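A quick write-up on the structure given underneath.
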2 protein chains.
Amino acid sequence: MSDAVYAIGDLARQTGTKVETIRWYERDGIMPAPVRTAGGHRVYTRPHLDRLAFIRHARELGFPLEDVRALLRLADDPERPCDQVDAIASQHLAAVRSRIARLQALEAELARMVAVCGRGRVAECRVIEVLADQSHAHCLHEGHGETGL
Amino acid sequence: MSDAVYAIGDLARQTGTKVETIRWYERDGIMPAPVRTAGGHRVYTRPHLDRLAFIRHARELGFPLEDVRALLRLADDPERPCDQVDAIASQHLAAVRSRIARLQALEAELARMVAVCGRGRVAECRVIEVLADQSHAHCLHEGHGETGL
DNA sequence: GATGGGACCTATAGTGACTATAGGTTCAAG
DNA sequence: CTTGAACCTATAGTCACTATAGGTCCCATC
C-alpha cells in the first residue's frame, strides 16, 4: 500500500485538479517529472500526490505559485527555523484582509447601485449613471493588480 | 470649452489609466479609434473621456470587459428597459458576496495557521502541516477562477 | 530657426495560472 | 483481439493588461 502508483487521471481526481494543469505544473517545474511507462504514460507515487495536494491547497488559500515554491523549498529543509514560513503566511494574511476590506467597499457600492435602480428605462437607470459618474473615477483602486484573490 | 481636445496622456491622467492600456482598449475595440494629427498622434474629445471613465469605473468595480461592453451597448439605447443592466449588476454583486465569504473562511484558516506556528523548526511548523493536509484538499473552491476581484 | 527632451508612435513579447484544441498513441477491460 | 477511454505532445488562446525596443513628433526655449 505504500508502493501504490497513480496515473495522471488518478492524481487529478484525488486532488481536484485538471490533468492539463498537472502537466503544466511539470513543465513549470513545481512538480517533478515522474517516471514513465514504456509507452510514455506518467507514473506517479505517493510523494507526488502529497506534493500536488500541498500545491493545490496553497493555491486555494490564494498563495501565488512563487510563494508556493518558497514554501516547498522551506518544507524540504526541516532544520530551518520556520520564521520564514511564518513570514510568508503572515504577509499573505495581511493581503487577504486588505482584499476583504476592498471587496466589502465594492459590495456596498454595487448594492447601493442595484438598490437605487428604478427598473424603468435605461435613460433613468442609476447603475449606468453611477458608472458614468466622473467624480468616482479612480477613487477605489489601491492594490496594484487584481491578481491573486 | 465643449470643443476641448486631449492627447492620450491627458486622457490617461484624467482617468488614472496607463497610456498603454488606452491603446490596448482601442486595439480591443472597446474604445473607438480617434482622429490623428498629421504626425499620427491620437486626438481625443470629450465623449472619449466619458467613455473611458465609464470603462475604468466599471473595471474598478470588478466587471469583466465583456460585461462592460454589454453595459455600454445598453447605455447607448436609453429607451430600452433597464432589466438587463440590473441583471448584470446583481449577478456581479452575488459573485462579489460569495468571494467575500470564501476569503473570510480563508482568513480564518490563515490566522489559525499563523497563531499556531510555535516559531520552532519547520519540522513542527503547522503552516506546512496545514497546507500539506490531504483532508483539506479541494474543500474550499467554488468559483472556477480567481480572476476578477 | 535650431535644439533638446518629453510625449508620442508601432510592434512584439511577457505576465500568471492555467484552459482548450488538434491529432496522434497506449492501455486495460471485456 | 478489439474497442474506446485515457493518455501523449505541441501549440494557441484566455484575461487584462504591462513592458520593452527602437523609433518619430511636438513644442517651448534659446
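As the structure is a computational prediction, the values presented were derived from the model and not from experiment. Just so we're on the same page: letters track the sequence lines, and every chain starts at 1.
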| task | Answer yes or no: is there a side-chain heavy-atom contact under 4.5 Å between B/Leu74 and B/Ile88? | result |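 When only atoms from C-beta onward are counted, B/Ile88 and B/Leu74 do touch, with a gap below 4.5 Å.
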Between atom [atom1] in [X] and atom [atom2] in [N], what is the gap in whole Å?
| X | N | atom1 | atom2 | value |
| --- | --- | --- | --- | --- |
| B/Met31 | D/dC17 | CE | P | 13 Å |
| B/Ile55 | D/dC17 | CD1 | C1' | 14 Å |
| A/Tyr44 | D/dA6 | OH | C1' | 14 Å |
| A/His41 | C/dT25 | NE2 | C1' | 7 Å |
| B/Asp28 | D/dA16 | CG | P | 9 Å |
| A/Arg59 | C/dG16 | CZ | P | 11 Å |
| B/Glu20 | C/dT12 | CD | P | 17 Å |
| A/Leu52 | C/dC18 | CG | C1' | 14 Å |

| query | So B/Asp10 and B/Arg13, salt bridge (charged side-chain N to carboxylate O under 4.0 Å, His left out) or not? Walk me through it. | reply | CA-CA 5 Å; B/Asp10 299 330; B/Arg13 266 183 298 285; 3.0 Å; yes
Of all the choices, [options], which nucleotide is nearest to the side chain of [X] once you look at every atom?
| X | options | answer |
| --- | --- | --- |
| B/Ile8 | C/dT19, D/dC7, C/dC9 | C/dC9 |
| B/Pro64 | D/dC7, D/dA16, D/dT9 | D/dA16 |
| B/Tyr25 | D/dC8, C/dC18, D/dC17 | D/dC17 |
| A/Arg36 | D/dC8, C/dA17, D/dA19 | D/dC8 |
| B/Arg42 | C/dT19, C/dT10, D/dC26 | C/dT10 |
| B/Glu66 | D/dC15, C/dC8, D/dT18 | D/dC15 |
| A/Ala7 | D/dC15, D/dC17, D/dC7 | D/dC7 |

Should [X] be listed as having a side-chain N or O under 4.0 Å from OP1 or OP2 of [N]?
| X | N | answer |
| --- | --- | --- |
| A/Thr21 | C/dT19 | yes |
| B/Lys18 | D/dA19 | yes |
| A/Thr37 | C/dT26 | no |
| B/Arg69 | D/dC15 | no |

| request: Calculate, to the nearest 0.5 Å, the distance between atoms CZ and OG1 belonging to B/Arg59 and B/Thr15 respectively. | output: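 Answer for the CZ-OG1 pair, B/Arg59 versus B/Thr15, is 13.5 Å.
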| field | Enclosure of B/Glu79 CD (heavy-atom neighbours >12, cutoff 6.0 Å) | value |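 Yes - once you tally the heavy atoms of other residues, nucleotides and ligands closer than 6.0 Å, there are more than 12.
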| query | Should the heavy atoms of other residues, nucleotides or ligands under 6.0 Å from CD of A/Glu20 be counted, would the total exceed 12? | reply |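 More than 12 within 6.0 Å, yes.
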| Given DNA chain D, 5'-ward residue of the pair B/Leu65 and B/Arg23, judged by closest heavy atom |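 It is B/Leu65, whose closest nucleotide lies nearer the 5' terminus.
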